[in-house]
Every structure is written in structure tokens, then in C-alpha cells.
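Reading through the C-alpha cells given below for one structure.
Numbered from 1 within each chain, the chains take letters A, B, ... in sequence-line order.
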Amino acid sequence: MELNKDFGIYGGQFVPETLMTVLKVLEKEYKNYCSTAEFKEEYMRYMKQYVGRPSVLYYADRLTKELGGAKVYLKREDLNHTGAHKINNAIGQALLARHMGKTKVIAETGAGQHGVATATVAALFGMECEVYMGAEDIERQKLNVFRMELLGAKVIPVTSGTGTLKDATNEAIRTWVARAEDTFYIIGSAVGPHPYPTMVRDFQKIIGEETKAQMLDAEGRLPDRVYACVGGGSNSIGMFYPFIEDNGVELVGVEAAGSGIETGKHASAFAGGRTGVLHGMKTYILQDEDGLIQPVYSVSAGLDYPGVGPEHAYLHDIGRVRYTSVTDDEALSAFQILCRTEGIMPAIESSHALAQAVKEVPEMDKDEIIVINLSGRGDKDVHTVAKYLGKEI
Amino acid sequence: MNRIDKKFKYLKENGRQALIPYICAGDDTLQKTEELVYLLEEAGADIIELGIPYSDPLADGPVIQAAALRALNGGFKIAHFFDTVTKIRKNSQVPLACMVYYSSIIGYGKEKFVEGCLKSEIDGLIIPDLPYEEYDELMPLLENTNLYLIPLVALTSGDRIKMLVENSRGLVYCVSSLGVTGERNNFDARIDSFIKEVKRYTDTPACIGFGISTKEDVEEFNKIADGAIVGSAIVRKIYESKGNLDDVGKFVKELKGEY
């Protein structure tokens, strides 16, 4: 049986014919290999011994008291090796690449987190690695560029279009079209043509599965609400997916409102987008009346994307997940609250999920429970935060 | 009768192959696009491919990307494009195929887009990001019309070829190489057998595109296929001519073998 390529009316494979055979082979290999006990054992071995999983589900006592409402738990993906959830997926795809006999991997990256995760697994499996990154982003994220180079990857600057994540993705796809024979494209978010959104979700659903088990252990019941930030949407789909059938659990996806939805300077596909096609998938896209991709903005490079994963588009339309957005200001404020109350420095991306919880938790009852997915750590963002707060460092 | 069919009927009767130049609509104005269509037809173009510029053209190399950017910076709008084609149709019956990303079609509104094509009498659609598996998106709107959806077939299509071409109309666009559009010095050795495979399953004319830039390339491909599509080389020529379109006409005549 073939996997379903669509999520309702979203998803699909809007790619050049040259890639269709490549995608069919990928789908087949994914389905056959990644469902085997052999693959699962190997994936879990790396998750435990290399990534350091399971990541803890931490009860944030001081934050709970500060907010004065529901009990707040944090899923600590920031404690993973390389500092974010991205590594879960990079390992899964790299194992598949190795199984398929590919010797080279390519990836796109915005802020550099997925680039670093891919460079890391390429080093781990002895593969050649090229990372496509917008020229603008290279300038803004020099530290991550150097990290990738230290890990043996080649960072390729992309100057076409706006020189940011969407253009890096275009260039990675163009390269892949030409070199698919020996090259595996490791997509970092739950986006792209089928089977990528499904595959990335499956490699990230370990987040939600662990959370469920850990919550049952700690509280003997499931949480009332779960928050996660949404750019392309890989950490959030990984967190939400195992809870989809649990109707008592409210799922909240938080997009980036940048300077405010009303200013037009934002990255919220659900607030300003409509159905379109980008990067091989049909989903909500920020576009103009001719389908041209609109410039997006967020202080968080990881959420700075004009589309959203197709499964999120589906979950949005059926009303299973509530999508909302928070501004740069709100995210930065939540960032500081967590630093101060818990001694945990979250990624600016994750601070968006946190900020929405900070708004809602005081209105909740003390016997209610929430989980926030802390998808990554904030060390990489210290410069951005300093700049935002007007501090010289 | 669709103009593409009529053209190939004529070419076949005369033992000739089609020369199909591509230009990016609105590069750098739509008025220039109109002038270019007349000039290309005059120079011997059999079918003209008009590209609709898009912000994120996945299948295109640097030359066509840059042309699209020039067009978009010049304020290109799809609605104006249809106005221009309507004007062109008053003066010319040259077959026109529109190369357009599905992203543009769905963004503009697919019903509205198809209506625009029908009203302005465009003869075919070439949609690089709409593979066979996604045809359902558009096919229902094209039924019982004279607007053809031209299939793209790739070197990697393999056992998909039969499915892709057996119900084709107009022409089959055979992609000569892996990767994006752009001029190339060497072609894949598999092309001969690839075209033979296409012809095994259809009588629809097979034309080769991607990478073709010289008279020699065209002559070579005319031996195995029914036509050649030349994009980046012409787009570059137009850009370099800095408004002196005579050079462009001369280049097309040369490709056609009439110089």
C-alpha cells in the first residue's frame, strides 16, 4: 500500500517530473526500511546514546508560581545533542540515506540549526555534506556557519531571490534535481513534497510519545493543553501527533507575528496566508494575488518562513489544533521570564510557544496542567537578544 | 483545430522540425514581449513559449531566474499578461504555449487563470511543477477545451513514460538533462534511447528542451525529435542586445537554419 501523499486537500508532490521517480523510490525505501525492527532499534540506539534521549519533562515550579494558574511542564528538547529537536529528524533521514547507499547529503538552513544538525550527522556517518544557506543569513549567523565548517560541511551561499531560507530551499531542490543519483536531501522541517512531511513527522513524533508517557508517570493523566511553536512546523507536529486522538488535550500552535500581524511584517501563514504551492507542497502560503511569495519577517530566523507544513494546514482546517501567533516583543519578554524564573535560556523560536502560555496560563485553574515544547536552547540567540534589548556585548 | 496541431501538421508535410523559442513575459516590459512575439514569428519560430515570471522558479537556472526578476521588478501582473496576449492574437496566429508554475496558477486562481488562457487564445500550458500525479488539480477545467496541458517527460521518467505520454495532446516536452534550465556544452548520452521510448508510446510530436543553445544542438536534435525548445540562450541574447532586437531575430534565423 502506498502512503497517503495528501493531508486533506494539502500536501502533494508539486515538483518537476525529474524528481518524481526519485520521490517514489524514497517513499518506497522509507516505508519498507523505516518500519523494520532493525531500523527502529538503530534509530533508538542513536536517540539514547548520541542525542541523549529521552529528553526530560520538567515541572517548572517557579514559573508555575509566577504565572499563578495551571501547572507548567517543559519538554526539554533544548537538552538534546546540538541543542534542539532538529537532530531527531537528521538522524532518521541520515540512517535512511545510508541504507539507500547515498554518500552525500545536502540540506537547506535558515538560522543554521538544521544545517548544524545535518553537518553533525554527516560527520557521524562519514558522508559528504553541503548546506545551502541564504547570503543574508550567512551574514547574520556567522557562528553557526563556522560550526558547520568545523564539522566538515561546505556551506554554499545562496544569492538568488531574497537570499533567505526559502531561496536556500529552492537552491537545495535545484541541486537535488541534478544530483539525486548519489545525493540525499535532508529536509529540516515538516515541509516539502511527499513523503517528506510524513517522514519528518515520524522522526519527530518521539517528542510527543515521550511527553505522553512522562506525563502519565508524573501526574497519572494527560495534560490539558500543549503548546509548541510553528515555523515549518517540525517540533510542533512531533509534539502534537501522538495527542491527536486524545480529544481532551487542547493543542496550541504558535506562529511568529513579528512586528504585529496588522503591520504586515510577520511570518504567520495562518493569519495572512491562503492556499498556494511552494517547495513542492500545497498549503497555506503568504502570497500576493499572483501567487508570488511575500517577504516574511520575524526576530526568530527559525520561524521566518512564508508557508507551513501541510499537516498543520489540515489540522487547522479541521479545528483540531488552535493556531495563534505572538509578536517579537512578547517572545522576547517570555524569553527573559524563563531565564529569570527557571535558569533556562530558551531559543527565540521556542519562546513563542512560551509567550502564548504566559498569556493564557494565569486564566487557567490551578489543577489544570500544560506542557510547553522547549524545542531548542537559546545560546545561539544571545547576540540577537542583546541587539533587540539595545545592549552592546 | 488547435494551432499547435495545425503547425505540426504543416511541418510534417514539409519534412521540417519545430523551433520553439522561450521568452520570459514582461522581461523587461510586456510591450517588449509583444514586439518579440512578432519578431520571433517573423524570424521563423514555429511555436512560441511565453514564461510567466514567478518568485521561486524551482525548475529554472540563473538566466531565466534573472529574467523573471527583471519582469517582476518591472511590475509584471498576470492580468496584464492576458491583456497583452489578447492584443497579440489580433495580429498573429502563431501557436503560443504558456510556461507557468502551478504556484502562479493556484495563487491567481485556477478557474480565473484557465479562463484568461481561453479568452486570450493560448494554445498550451507547460507546468513544470505539476507532475502527472497532480493533474487532477487542473484537468477538469481543461476538458472540452482547446487548451492543451503539455506533458513534461524526464530522463529519469523510466517506466512512467507510457503513462505520461499516451493521452498527450499538442506536443511532448522532453527534458534533455537533469537539473534546471540553462545552456549546456554536453548532453546526456541517454537522449537517443529516451526519445525513442517516448515515440514508442505516442504519435504526439516530441520536442527537446533544456540546455539547447546553438545551431549545432538544434540540428543534432532535429535528427531524433520533432522540435527543439531554446530558452536561456534566447533570453540571454535579448538581455545582451540591450534593445537592439535585430540581433535576436538573426540568432533565431540561425537556429532555424535559414542563415
Practice task
Answer with side chain, backbone, both or neither: which region of A:Thr175 has an atom nearer than 4.5 Å to a non-hydrogen atom of chain B?
Solution key: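 Neither part; nothing is under 4.5 Å.
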
Handout entry: Under 4.5 Å from a heavy atom of chain B, the part of A:Arg274 involved
Key =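 Just its side chain gets close to chain B.
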
Exercise for the section: Heavy atoms only, distances under 4.5 angstrom: which of B:Val175, B:Leu155, B:Leu164, B:Ile127 has the most pairs with chain A? Name it, please. Expected result: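 Option with the greatest count: B:Leu164.
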
Exercise for the section: Pick whichever of B:Leu58, B:Leu152, B:Leu72, B:Leu178 has the most heavy-atom pairs under 4.5 Å with chain A. Expected result: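 Answer, by heavy-atom pair count under 4.5 Å with chain A: B:Leu58.
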
Problem - Any B:Glu134 side-chain heavy atom under 4.5 Å of A:Lys282 side chain - result: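 Not touching, per the 4.5 Å side-chain cut-off.
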
Handout entry: Close side-chain approach of B:Pro57 and A:Arg174, heavy atoms under 4.5 Å
Key =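 In contact.
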
Practice task
Please name the pair of heavy atoms, one in B:Pro131 and one in A:Gln13, separated by the smallest distance, quoted to 0.1 Å.
Solution key: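 Taking every non-hydrogen atom into account, CG-O, 3.0 Å.
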
Check for a donor-acceptor pair, side chain of [X] on one end and backbone N or O of [Y] on the other, with a separation under 3.5 Å.
{"X": "B:Ser103", "Y": "A:Val277", "value": "yes"}
{"X": "B:Thr156", "Y": "A:Thr21", "value": "no"}
{"X": "B:Ser55", "Y": "A:Ile293", "value": "yes"}

Crowded around [X] [atom1]? As in, over 12 foreign heavy atoms under 6.0 Å?
{"X": "B:Glu240", "atom1": "CD", "value": "yes"}
{"X": "A:Glu130", "atom1": "CD", "value": "yes"}
{"X": "A:Tyr297", "atom1": "OH", "value": "yes"}
{"X": "B:Glu166", "atom1": "CD", "value": "yes"}
{"X": "B:Tyr239", "atom1": "OH", "value": "no"}
{"X": "B:Tyr132", "atom1": "OH", "value": "no"}

Rounded to the nearest 0.5 Å, how far does [atom2] of [Y] lie from [atom1] of [X]?
{"X": "B:Tyr108", "Y": "A:Leu292", "atom1": "OH", "atom2": "CG", "answer": "12.5 Å"}
{"X": "A:Leu278", "Y": "B:Tyr54", "atom1": "CG", "atom2": "OH", "answer": "5.0 Å"}
{"X": "A:Asp290", "Y": "B:Phe81", "atom1": "CG", "atom2": "CZ", "answer": "11.5 Å"}
{"X": "B:Arg160", "Y": "A:Met20", "atom1": "CZ", "atom2": "CE", "answer": "4.5 Å"}
{"X": "A:Asp288", "Y": "B:Lys77", "atom1": "CG", "atom2": "NZ", "answer": "5.0 Å"}

Practice task
Give, as side chain, backbone, both or neither, the part of B:Ile78 having an atom under 4.5 angstrom from any heavy atom of chain A.
Solution key: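 For B:Ile78, the contact with chain A is made by backbone and side chain together.
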
Handout entry: chain A contact via B:Asp159 - side chain, backbone, both or neither, heavy atoms under 4.5 Å
Key =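 For B:Asp159, neither part sits under 4.5 Å from chain A.
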
Exercise for the section: Start with the C-alpha gap between A:Val177 and B:Val180, add the side-chain angles, then the distance that decides, and say whether side-chain contact (heavy atoms from CB on, under 4.5 Å) holds. Expected result: CA-CA 8 Å; A:Val177 173; B:Val180 294; 5.7 Å; no

Practice task
Please step through side-chain contact (heavy atoms from CB on, under 4.5 Å) for the pair B:Glu133 and A:His194, ending with a clear verdict.
Solution key: CA-CA 11 Å; B:Glu133 279 72 0; A:His194 174 71; over 6 Å; no

Problem - Charged N-O contact under 4.0 Å between A:Glu289 and B:Lys112 - result: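 Looking at B:Lys112 together with A:Glu289, the answer is no, because their closest N to O distance does not fall below 4.0 Å.
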
